[in-house]
Amino acid sequence: MSFENGGAFLREIRSEVETYLGSRGTRVRGRLELYAKSAVALPLLAASWAVLVFVRPGLLLGLLCLLGCVLGAVLVGFCVQHDANHGAYFRSRRLNHLLGWTTDALLGFSSYAWRVKHNVAHHTYTNVDGYDDDIDQTPFARMLPSQPARPWYRLQHLYVWPLYTLMLIRWQIGADVAALVRGRIANSAIRVPRRWDLVGLLAGKAIFVGWAIVVPLLFYPWWIVAAGYAGFAMAASLVTATTFQLAHCVEEAASASAEELATTRRLWAVHEVESTVDFCPRNVVLTWLLGGLNFQIEHHLFPRVPHTHYPRISEIVRRKAAEHGVRYTAQPSLRAAIRSHQRHLRALGRIGRPVEIEMG
Ligand SMILES: [Zn+2]
């Protein structure tokens, strides 16, 4: 199963983006803005955690510190590890992997497994049934028309939200290791890590368990640590899952089965743009916080470009999409994006064989 590469659509976009990134000043500014986010995310997480654990500040301030931990972790997820694991942070692959290891040490799951799950399975085969692991949540939820119907999916638009809060915990307690043992993530092969990759995985798990559970247990009773960890992981998970779902699991996002792609060869770039949706492109606060993941169309076309350039690149992609008749969707608000996700889940939840989703 593969896509057609190239095409005038992508060629013209690339040419304009290269002209935009041709200026050294633009490239340096983009990188400095990216580095500034690490300088906020990492100290915010560290300081919130240190005050929470060592100062033991009481309930209200304690909750505020926990919120700081959640915000810090979300920023690490969206603005540090995501770019680094895509190779967008530095020129050096080794440095990118080193910073990408914040996934292991600070978020609790394997960056080695993430690079296959996200960079290969999700980015190459976006919204392709059986290939994109992100969109396969069966038998819990049906997110593509080609997935089989089950009676309980009728309520999925309600119960997916608590499920989203468990996504990170699932990976933290071993879904990543299970994938390594299985040797596959969806249809993408993954090898058992060796040498430094294995050291990184084991050390990362140990460090995460150390700061998130063992050290707090020295200062608090177990039930407070359990509640704190659950609150932290569930809140960070909900924000992360929702952000990814609003880009791909909505009415306007196209999808495909492997059979469809085998019979009609599609241009990869066109598929990426039509299977992805931007949201809140004018919201500067959200754009800063989400690491440009509200510009996921641009991210899917240019995953190795620092996300700080996406707002400008989106002007190019949007214009070229209109010229080439490619469907480009940007939801104006968070509310509109969430409502579209809900309608999509509701439509797919109705019992029956594959449903036709009305395209916007
Ligand atoms: Zn990505």
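Remember, it's 1-based here, ligands and their atoms both numbered in the order they're listed.
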Do any side-chain atoms of residues 201-226 form donor-acceptor pairs under 3.5 angstrom with protein atoms, and if so which ones, sequence neighbours left out?
from	atom 1	to	atom 2	distance (Å)
Lys205	NZ	Gly108	O	3.1
Lys205	NZ	Trp171	O	3.4
Lys205	NZ	Gln172	O	3.1
Lys205	NZ	Asp176	OD1	3.3
Lys205	NZ	Asp176	OD2	2.9
Trp211	NE1	Ala105	O	2.8
Tyr220	OH	Leu52	O	2.5

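Taking backbone and side chain together, His118 holds an N, O or S atom under 2.8 Å from the Zn ion (ligand 1).
Its N, O or S atom nearest to the Zn ion (ligand 1) is what matters here, and for His82 that atom is NE2. Considering just the N/O/S atoms of His86, the one nearest the Zn ion (ligand 1) carries the name NE2.
By the 6.0 Å contact criterion, CZ on Arg182 is enclosed, its count of non-hydrogen atoms from other residues, nucleotides or ligands being greater than 12.
A salt bridge does not link Glu252 with Arg327: none of the charged nitrogens is closer than 4.0 Å to a carboxylate oxygen. Salt-bridge check for Glu315 with Arg312: passed, with a basic side-chain N closer than 4.0 Å to an acidic carboxylate O.
When NE2 of His299 and NE2 of His123 are joined through the Zn ion (ligand 1), the resulting angle is 90° to the nearest 10°.
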